[in-house]
Asks: 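Next up is a structure, given as structure tokens.
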Amino acid sequence: MTPLHLCLLISTALFCIGLFGALARSNTILVLLGIELMLNAANINFIAFWRYGPSHGAANGMIFVLFSIAVAAAEAAVGLALIIAVYRHQKNIRLQEATVLKG
Amino acid sequence: MIVALIIIGVLILGSAAAAMLRRNLIHSALLLVASWTGVAAFYLWAGAEFLAFAQILVYAGAISMVVLFAVLLTRQSRDAELPVEPATVTRTASAFAVTASLAAVIGAAVSTARFPASAAEAPSATVKEIGLDLMQEHGAALLIVGIILTVALIGATVIASTDKKRDPEDAP
């Protein structure tokens, strides 16, 4: 097994852990963190292929991960703001009870 | 070399799995900091030092703080930690089934795939090269990311600070 395979297996496992968290947990914050884990798994793939790809001209993999980290930061900020807004209306952040959109 | 990768992988996956299984949210957030630091260690291992430091700054520094603030601001009383309901059990079981089958499919695909041999020497990217790449070739993308970040942060502030009071003419 080459290091590339090992990297890809690690990122697969990380993606699946994040997916499980996003699907199974009922706390909104944990769902958001599961999505962050999935993003991290995708970034690991980019870096693995950048490192072990057949040819590397430019540092495109790294640049892509840099932008992905920036977008993930924006996503986390907006997501947590939404969670706080929902909490203010419903005094609760469980997914099952946030069934009404109009506060 | 590969032993270090295995250790890093165990650190990332172990802390992520523990974080997703813990009942206490603060424990989860702190365990995720460990997992993100492990990802930064992976970047270091792969030779992407700049990204490793960016990961530590953004994830272990900024996002974890925002998450901890959100956890503390939306804190519930202790009895809100509900016992496991049947609906929750069903959901957990189906989530586990979906995740396990996805892991099996991707894992099988990855482990049987044959990739072209990697280049002889490891790629190198100094900070200077990354900076030139960002500002020249990807200048437009850099500007767009800046706009996205600005809009997202202003939007987050507006969403989180909106008061319940509305204009009277907004009322139905």
Side-chain angles (χ1 to χ4, degrees), chain A residues 1-10 12-14 16-21 23-27 29-30 33-34 36-37 40 43-44 47-48 50-56 58-59 62-63 65-67 69-78 80-85 87-88 92-93 103, chain B residues 2 5 9 12-13 16-17 19-20 25 28 32 36 39 42-43 46-48 50-51 54-55 58 62-63 66-67 70-71 73-74 88 91-92 95-96 98-99 102-103 106-107 110-111 115-119 122-123 125 129-130 133-134 138 141 145 148-149 152-153 155-156 159-160 162 164:
Chain A
M1 177 173 292
T2 61
L4 177 57
H5 281 98
L6 198 54
C7 293
L8 295 185
L9 286 179
I10 288 174
T12 304
L14 189 62
C16 289
I17 289 172
L19 183 66
F20 177 77
L23 289 178
R25 299 303 300 257
S26 62
N27 191 310
I29 293 179
L30 270 175
L33 291 177
E36 292 288 335
L37 280 185
N40 264 303
N43 290 349
I44 287 180
I47 289 300
W50 169 74
R51 173 74 176 74
Y52 291 109
S55 71
H56 13 47
M62 288 186 67
I63 304 284
V65 173
L66 210 55
F67 287 135
I69 287 177
V71 173
E75 176 237 324
V78 174
L80 291 168
L82 283 174
I83 289 171
I84 289 175
Y87 176 78
R88 184 177 299 143
N92 206 322
I93 53 168
Chain B
I2 204 146
L5 178 59
I12 295 174
L13 297 178
M20 285 297 136
L25 259 183
S28 293
L32 276 174
W36 289 328
V39 175
F42 170 79
Y43 292 158
F50 184 73
L51 278 186
Q55 169 93 6
V58 173
I63 292 185
V66 176
V67 167
V71 169
L73 283 176
T74 59
T88 317
R91 214 173 57 160
T92 309
F96 184 77
V98 167
T99 310
L102 185 71
I106 303 181
V110 163
S111 47
F115 299 105
S118 62
E129 285 167 14
I130 297 171
D133 239 24
L134 268 181
H138 305 277
V145 161
I148 287 179
L149 270 176
L153 292 181
I159 290 171
T162 306
K164 242 183 176 173

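Here is the naming used below: chain letters follow the sequence lines, and residue numbers restart at 1 for every chain. Computed over heavy atoms, backbone and side chain alike; hydrogens, waters and symmetry mates excluded.
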Asks: B:A141 versus chain A, heavy atoms under 4.5 Å apart: side chain, backbone, both or neither?
Replies: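 Its backbone and side chain both get close to chain A.
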Asks: Quick check on B:V58 against chain A: is it the side chain, the backbone, both or neither that has a heavy atom closer than 4.5 Å?
Replies: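 Side chain only.
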Asks: If I compare all heavy atoms of A:A72 with all of A:E36, which pair ends up nearest, and what's the gap?
Replies: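 That closest heavy-atom pairing would be O-OE2, 3.4 Å.
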Asks: Could you look at A:L33 and say if it's the side chain, the backbone, both or neither that has a heavy atom under 4.5 Å from chain B?
Replies: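 Both backbone and side chain.
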Asks: Select one option (side chain, backbone, both, neither) describing which atoms of A:L4 are under 4.5 Å from chain B's heavy atoms.
Replies: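 Side chain only.
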Asks: So which part of B:L153 gets closer than 4.5 Å to some heavy atom of chain A, the side chain, the backbone, both or neither?
Replies: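 Answer is side chain: those atoms of B:L153 sit under 4.5 Å from chain A.
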Asks: Examine whether an atom of B:T74 lies under 4.5 Å from a heavy atom of chain A, and if so say whether it belongs to the side chain, the backbone or both; otherwise answer neither.
Replies: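 For B:T74, heavy atoms of backbone and side chain both lie under 4.5 Å from chain A.
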Asks: Given 3.5 Å as the limit, does a donor-acceptor pair link the side chain of B:R91 with the main chain of A:R25, or not?
Replies: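 Yes, B:R91 side chain to A:R25 backbone: donor-acceptor pair under 3.5 Å.
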Asks: Looking only at non-hydrogen atoms, find the nearest pair between B:I148 and A:A74 and report the distance.
Replies: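 So the two residues come closest at CG2-CB, 4.4 Å.
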Asks: Quick one: what part of B:V71 sits under 4.5 Å from any heavy atom of chain A, side chain, backbone, both or neither?
Replies: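 For B:V71, heavy atoms of backbone and side chain both lie under 4.5 Å from chain A.
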Asks: Could you tell me which residues satisfy ring pair (Phe, Tyr, Trp, His ring centres under 6.0 Å) with B:F115, sequence neighbours excluded, listed by chain and number?
Replies: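 Partners of B:F115 by the ring pair (Phe, Tyr, Trp, His ring centres under 6.0 Å) criterion, ordered by chain and then number, come out as A:H5, A:F49.
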Asks: Sequence neighbours excluded, which residues qualify as side chain to side chain contact (heavy atoms under 4.5 Å, CB included) partners of B:F50?
Replies: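 Residues passing side chain to side chain contact (heavy atoms under 4.5 Å, CB included) with B:F50: A:M62, A:L66, B:V127, B:I130.
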Asks: Given that the side chain runs from C-beta out, which part of B:F42 has a heavy atom under 4.5 Å from chain A: side chain, backbone, both or neither?
Replies: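 Just its side chain gets close to chain A.
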Asks: Between A:A48, A:A24, A:G18, which residue shows the highest count of heavy-atom pairs closer than 4.5 Å to chain B?
Replies: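 It is A:A24.
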Asks: As an exercise: rank A:T2, A:L30, A:I83, A:I84 by heavy-atom pairs under 4.5 Å with chain B and give me the winner.
Replies: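 Heavy-atom pairs under 4.5 Å are most numerous for A:L30.
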